[in-house]
Number of protein chains: 2
Amino acid sequence: MKIGQVAETTGTTTKTLRFYEAEGLLPPAGRTASGYRDYSEDIVGRIAFIHRGQAAGLTLAQIRQILKIRELGQTPCSHVRDLLGQRLTELDAQITELLALRETISQLSAQAAEPEPEACPADEVCRYL
Amino acid sequence: MKIGQVAETTGTTTKTLRFYEAEGLLPPAGRTASGYRDYSEDIVGRIAFIHRGQAAGLTLAQIRQILKIRELGQTPCSHVRDLLGQRLTELDAQITELLALRETISQLSAQAAEPEPEACPADEVCRYL
DNA sequence: ATGAACCTTCCAGTACAGTGGAAGGTCAAG
DNA sequence: CTTGACCTTCCACTGTACTGGAAGGTTCAT
C-alpha cells in the first residue's frame with residue numbers, strides 16, 4: 001500500500017501521515033527500492049486507533065504514550081484508565097466554566113438587545129461590555 | 001504613570017502591555033525625554049475594557065475591532081451586539097459538543113473500570129479505545 | 001560612583017495539530 | 001518521449017496570547 005491509498009482509506013492526508021511518522025505515532029514505514037513508503041495493511045488499524053483516541057479528546061502526546069507502552073509489550077490498560085478519568089475531570093471543569101460564561105454572555109446580550117442605541121456614553125468604549 | 005505602575009494597577013505585566021501596544025490594542029504610549037513610556041490615567045480604563053472583553057470570551061482580534069470602531073468616532077454598539085450573539089451561538093455549540101464527548105468518555109471509563117486486565121487482546125492496542 | 005531596580009528594543013519560543021510550498025525523483029500511459 | 005500524477009525531503013507558516021532572555025540605557029539612593 002502506498003501512502004496515497006492509506007490516506008484515502010483512513011480519511012487523512014499524506015501530509016498528516018508523514019507528520020505522524022515524524023512524531024513517532026506511526027512506526028517508520030517500509031520503503032520500495034525507489035524510496036517510496038510501502039505500508040502493510042495493519043497500519044490502517046493503528047491510524048483508526050489514533051482517530052478513536054482523538055475522538056475521546058486525547059492529545060497526540062497522550063496517544064503516543066499509550067502506543068509506546070504497547071510497543072514495549074506491556075498492556076496500557078491502567079494508563080488508559082487514568083487518562084480517561086483525568087479527561088473526564090477536565091471535561092467537567094471545562095463544561096462548568098463554559099456554562100458560567102454562557103450565563104454572562106447571555107445577560108450582556110440581553111442588555112445589548114434593548115433598543116437604546118443613542119444612550120451610549122461618549123467617554124466609554126461600549127456600555128455593553 | 002510608567003509602565004510598571006500600569007501593569008500593577010491593572011493586574012498585567014509590562015510584557016503584556018508592550019504586546020498590546022504592538023498589536024494595536026493600546027494606542028502608542030507617550031514617551032519621556034529618555035524614551036520611557038509615559039501613560040495617562042485613562043489607559044487603565046482601556047485595559048479594563050480589554051479584560052472585560054476577554055472575560056466575555058472575545059478574542060483579542062475582536063476586541064481590537066471594537067476599539068478601532070470606537071476610535072473612528074462611531075458607536076460600536078451594533079457590532080458588539082453581533083459579536084455577543086455570535087459568541088452565544090458558538091458557546092452553545094461548544095457546550096453541546098463537550099457534553100456529547102463527556103458521555104463517550106464516561107462510557108469508556110466505565111468499561112475500563114471493570115476488573116479484567118488480563119482480557120486485553122494481544123493484537124489490539126487497547127480494548128478500551 | 002556604584003549598585004539595584006527599573007526601562008528600552010528585538011528575536012525567539014511556547015503548545016497544538018497540522019498545512020503550504022519549493023525543488024526534485026518516479027511511474028505508467030499515450 | 002513526454003505529460004501528468006504521484007512520491008520524496010526540508011523549511012516555514014498557520015492561530016492564540018503571550019513569555020523568556022539578551023544586550024543595553026536610565027534613575028535613584030547610598
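Quick note on labels: first sequence line is chain A, next is B, and so on, each numbered from 1. Just the heavy atoms: all of them, side chains too, but no hydrogens, waters or symmetry mates, feed the values below.
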Sugar-phosphate, base or nothing in reach of Arg18(A), heavy atoms under 4.0 Å |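 Since a base atom lies under 4.0 Å of Arg18(A), the category is base.
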Which part of the nucleic acid does Thr13(B) contact within heavy-atom distance under 4.0 Å: base, sugar-phosphate only, or nothing?
-> sugar-phosphate
Rounding to a whole Å, what distance do you find between [X]:[atom1] and [N]:[atom2]?
{"X": "Ile47(A)", "N": "dG18(C)", "atom1": "CD1", "atom2": "P", "answer": "12 Å"}
{"X": "Met1(A)", "N": "dC6(D)", "atom1": "CE", "atom2": "C1'", "answer": "16 Å"}
{"X": "Glu8(A)", "N": "dA5(D)", "atom1": "CD", "atom2": "C1'", "answer": "13 Å"}
{"X": "Lys2(B)", "N": "dA5(C)", "atom1": "NZ", "atom2": "P", "answer": "14 Å"}
{"X": "Gln65(B)", "N": "dT16(D)", "atom1": "CD", "atom2": "P", "answer": "11 Å"}
{"X": "Ile50(A)", "N": "dA17(C)", "atom1": "CD1", "atom2": "C1'", "answer": "12 Å"}
{"X": "Arg31(B)", "N": "dC7(C)", "atom1": "CZ", "atom2": "P", "answer": "12 Å"}

Would you indicate which nucleotide in dT19(D), dC7(D), dA17(D) comes nearest to any side-chain atom of Gln54(B)?
-> dA17(D)
In terms of side-chain heavy atoms of Leu60(B), which of dC18(D), dT9(D), dT9(C) is nearest?
-> dC18(D)
Got a list of protein N/O to nucleotides 22-26 of chain C N/O distances below 3.5 Å?
unit_1, atom_1, unit_2, atom_2, d
dG25(C), N2, Tyr36(A), OH, 2.6
dT26(C), O4', Tyr36(A), OH, 3.1

Is it true that a side-chain atom of Arg70(B) and a backbone atom of Gln65(B) form a donor plus acceptor pair closer than 3.5 Å?
->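 Between the backbone of Gln65(B) and the side chain of Arg70(B) there is no qualifying donor-acceptor contact (under 3.5 Å).
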Measure the angle between the two terminal helix axes of the helix from dA1(C)-dT30(D) to dG30(C)-dC1(D), five base pairs each, and quote it to 10°.
->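 Answer rounded to 10°: the end axes differ by 30°.
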Comparing Arg37(A) with Ala61(B), nearest DNA chain D nucleotide closer to 5' gives the residue Arg37(A)
Non-neighbouring partners of Asp92(B) that pass salt bridge (charged side-chain N to carboxylate O under 4.0 Å, His left out), sequence neighbours left out = Arg102(A)
Along DNA chain C (nearest heavy atom to each residue), the more 5'-positioned of Thr14(B) and Ala33(A) | Thr14(B)
Close approaches to DNA chain D from residues 19-27 of chain B, in residue order (heavy atom, under 4.0 Å) |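 Heavy-atom cutoff 4.0 Å gives Phe19(B), Tyr20(B).
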List the steps and the verdict of side chain to side chain donor-acceptor pair (under 3.5 Å) for Ser106(A) and Ser109(A).
-> CA-CA 5 Å; Ser106(A) 171; Ser109(A) 197; over 6 Å; no
Contact list for DNA chain C against residues 89-105 of chain B - heavy-atom distance below 4.0 Å = none
Using the 3.5 Å cut-off, write out each protein N or O paired with an N or O of nucleotides 2-4 of chain C and the distance between them.
none

